[in-house]
Amino acid sequence: DPAELVKDEL
Amino acid sequence: MNIFRLCGDMSHLAAIIILLLKMWKTRSVAGISGKSQILFATVFTARYLDLFTSFISIYNTCMKVFFIGTVYFTIYLIYMKFKATYDSNHDSFRVEFLIVPVGGLAFLVNHEFAPLEIIWTFSIYLESVAILPQLFMISKTGEAETITSHYLFALGSYRALYLCNWIYRYYAEGFFDLIAVVAGVVQTILYCDFFYLYITKVMKGKKISLPA
């Protein structure tokens, strides 16, 4: 699920 | 983490430091849009709500704290400490024309209809247009101090580098987030006009002066 991944970016 | 994202974060960091140096050294916020800084503060506050709930890395947490701390300090400098030098007449962009559509879009187009996800989406969409009051102010005053041009160049470069980061992550990790990418493209496009002026003028030691 892309939503989970992107949260490691600022 | 990859080199593009690291350079992007460093460029973002540099932009904020350049802005603070400009204000602190010249003891003036002339030419700086307080409205854009308020939008950036909203972006960071909305995006970093998970600051205390989810830990990614020391780097991630430090950068989030730094970004949130400096943007509120910038707002303090503009609206309190150096208030006398704040040019509110030229900082007249109607930010409600940004916040309302962006807020509505975040409700309609998101990955998941959940509060934190919608707030995060709102911060992504808002960031892509947050620089408009600043660019509008420069078009009204017809010029930008050289140091302000460097600030904008670093700020514009940060999201352009993030676009490279997303291309890299797509091929290296199969990672792809359409919302972040589309907003990032819009955000970078908004700087193109400025990038052109910066490269053709500021790099040659001239000042940016738009046909007022």
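By convention in this document, chain letters (A, B, ...) are assigned in the order of the sequence lines, proteins followed by strands, and residues within each chain are numbered from 1. Source: prediction; values computed, not measured.
Salt bridge B/R169/A/D8: present, at least one basic N to carboxylate O contact under 4.0 Å.
Using a distance-only test at 3.5 Å, with no hydrogens or angles considered, no donor-acceptor pair links the side chain of B/S33 to the main chain of B/M137. B/S128 places no side-chain N or O within 3.5 Å of a backbone atom of B/G184 that could act as its donor or acceptor partner. Between the side chain of B/S92 and the backbone N or O of B/S88, no donor-acceptor pair lies under 3.5 Å. Side-chain N or O atoms of B/N60 include none that pairs as donor or acceptor with a backbone N or O of B/I56 at under 3.5 Å.
More than 12 heavy atoms of other shown residues, nucleotides or ligands fall within 6.0 angstrom of atom OH in B/Y59.
Aromatic ring centroids of B/F175 and B/Y170 lie 6.0 Å or more apart.
When heavy atoms are compared at a cutoff of 4.5 Å, B/N110 does not approach chain A at all.
For residues 38-55 of chain B, the interface with chain A (any heavy-atom pair closer than 4.5 Å) comprises B/R47, B/Y48, sorted by residue number. Interface residues of residues 4-22 of chain B toward chain A, defined by a heavy-atom distance below 4.5 Å and sorted by number: B/R5, B/D9. Within residues 64-71 of chain B, the residues having any heavy atom less than 4.5 Å from a heavy atom of chain A are, in residue-number order, B/K64, B/F67.
Between the side chains of B/D91 and B/Q134, no donor-acceptor pair of N or O atoms lies under 3.5 Å. For the residue pair A/E9 and B/W166, a side-chain donor N or O sits within less than 3.5 Å of a side-chain acceptor on the partner.
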Using residues 189-202 of chain B as the side-chain source, report each donor-acceptor pair under 3.5 Å to any protein atom, sequence neighbours left out, with the distance given to one decimal.
unit_1, atom_1, unit_2, atom_2, d
B/Y198, OH, B/H150, ND1, 2.7
B/T200, OG1, B/Y196, O, 2.7
B/T200, OG1, B/L197, O, 3.3

Next on the checklist: Is there a salt bridge (Lys or Arg N to Asp or Glu O under 4.0 Å) between B/K35 and B/E96? Walk through the geometry before answering.
Outcome noted: CA-CA 11 Å; B/K35 294 189 173 183; B/E96 55 272 28; over 6 Å; no
Item to check | Trace of the ring-ring contact (aromatic ring centres under 6.0 Å, His included) decision for B/Y158 with B/Y162 | outcome: CA-CA 6 Å; B/Y158 132 70; B/Y162 255 70; 5.4 Å; yes
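The distance from atom CD1 of B/I32 to atom OG1 of B/T148, rounded to the nearest 0.5 Å, is 4.0 Å.
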